[in-house]
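I have placed the structure first, in the form of structure tokens, so that the comments after it can refer back to it.
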Amino acid sequence: MSARPPESPRAYRGRLLTPIAASPDGAAVRFLDDALLVVGGDGRIASVTPFAPGAFRGPVLDLRPAVLLPGFIDAHLHFPQTRVIGSASGPLLDWLERSVFPEEARFRDEGYAALVAGEFTGRLLASGTTTCVVFSSSCARATDRLFHALLSAGLRGIAGLTLMDQSCPEALRVPCDEAIAAARDLVQRWHGGGDGLLEFAITPRFAPTCSRPLMEAAARLARDHDLLVQTHVAENPAEGEATLRAHPWARDYVDVYDRVGLLTGRALLAHGIHLSPREWDRIAEAGSSIIHCPDSNFFLGSGRMRLSDARARAVSVGLGSDVGAGRSFDMRRGMSSAFDNAHCLGDRLSPADLFVMATQGTADAVGLGRAIGSLEAGKEADFIALRLPEHVLGEAATLNHLVFASDATVQRAFVRGSPVYP
Ligand code: GUN
Ligand code: ZN
């Protein structure tokens, strides 16, 4: 089932929590104890108001006591790692070698890719994620299967063929020309598909497994089609050393992406833990975003990301699960781990900060902030209904429960006003 705009206005009643434009003192949210959310025939939010009897002419779907929230946005995860979540086989490079690369090689089998793609989209929707930014494997047919699954689930998805032409197993290595031709073909087939819900992203895995010519060609393709770029940066010290061994012409990790043309205002850089002040400054100047993946960083022992370095330079930060190093598809786990990450550094994030980061903040980071990320008139109606325990009442308790407890269930999900879950 692919998402289609509803034909006539529809209205939903429930409690409602949404980010609103930030005030100078930080993240701002709006909570309504009894709200009416009206979705127009174009799939956009027509209005969000306190509920008043008779205010809407037409049937109202009463979802109380559920709370209506913007659908979650997972800005970084790996489709072919769906079945290896929880493989505790060591720090990043060992884990890739032992757990990830053997599994990703299985995606050369199109039937396997299609099977896991269905599991993948099902788990996203069951977690309340309505937008995902995804790495596929290096296999073009598997990536095609992924796009088909996103389309039939009705998800909003940005996905890319993972590029790697060196320092990886033969089964995953795709030479530069072949990989770029496959990426170009996928752009033609899928970019802007699903009535614009689907996008193709240029996806060099990370600097150690990409040659300079591959990254340069990838950057040209991104520029030609104004595509998002997604990759990893400065996740782990051994990875940083491998990067500079592979690319000795660069002054540091960020300089690799900078010199090949990948460091732009459309780049999403996952992790960003071990960055120097110079690298942070360049990321800020280029307007690239950092995708914070705290649950993965804990699982692989990669280190703590200093949000203060990003905030000091107004670098946009989105949140990613980084499944399968992240242990859950659930962005509530991501928010909770982001709280722990900040705590370890002596910083404090409020539940409202975390909620805003996971919704509007992540939408902004991936370039979709004008379309989604909050429940406000004019935005596309990507929202979920979450059922919290009956005793959770009021704004503060709702935020606390949402971010730190795990017993609320996703009751419904909508993308551009169309039901996509259950
Ligand atoms: N760096 C390169 N590939 C990966 C991956 O699959 N997961 C994570 N967490 N880091 C990476
Ligand atoms: Zn990743």
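All ligand and atom numbering here is 1-based and tracks the order in the structure.
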Are any of the side-chain nitrogens in Glu279 or Arg282 under 4.0 Å away from the carboxylate oxygens of its partner? no
Short version for Glu235: what comes under 4.0 Å of ligand 1, heavy atoms counted, is side chain
Could you work out, for atom 9 (N) of ligand 1, the closest of Asp322, Leu300, Val323, Leu96 by heavy-atom distance? Asp322
Run the numbers for me: atoms of ligand 1, each under 4.0 Å from some heavy atom of His271, listed by number. 9 (N)
Heavy-atom contacts under 4.0 Å between Thr209 and ligand 1: side chain, backbone, both, or neither? neither
Check Arg205 with Glu104, please: is the shortest side-chain N to carboxylate O separation under 4.0 Å? yes
For the Zn ion (ligand 2), what is the closest N, O or S atom on His232? NE2
The Zn ion (ligand 2) to His76: nearest N/O/S atom name: NE2
Looking at Asp322, which of its N, O or S atoms is the nearest one to the Zn ion (ligand 2)? OD1
So does His271 have any N/O/S atom less than 2.8 Å away from the Zn ion (ligand 2)? no
Any donor-acceptor pair under 3.5 Å linking the side-chain atoms of Trp249 with those of Asp255? no
In terms of the angle between their ring planes, are His78 and Phe135 parallel, tilted or perpendicular, with boundaries placed at 30° and 60°? tilted
Between Arg416 and Asp382, is the closest basic N to carboxylate O distance under 4.0 Å? no
Salt-bridged, Glu376 to Arg30, with N to O below 4.0 Å? no
Distance only, no hydrogens: is a donor on one side chain within 3.5 Å (strictly under) of an acceptor on the other, for Ser316 and Asp364? no
Can Asp322 and His271 be counted as having a side-chain donor-acceptor contact under 3.5 angstrom? yes
For a distance under 2.8 Å, tell me if Glu235 has an N/O/S atom near the Zn ion (ligand 2). no
N/O/S atom of His78 inside 2.8 Å of the Zn ion (ligand 2), strictly under: yes
Is a donor on one side and an acceptor on the other found under 3.5 Å between the side chain of Asn297 and the backbone of Arg304? no
Does the residue Gln81 have a heavy-atom contact with ligand 1, meaning some pair of atoms that are separated by less than 4.0 Å? yes
Can you tell me the protein heavy atom closest to atom 3 (N) of ligand 1 and the distance? Arg205 NE, 2.8 Å
Are any of the N/O atoms on Trp95, whether in the backbone or the side chain, positioned under 3.5 angstrom from an N/O atom of ligand 1? no
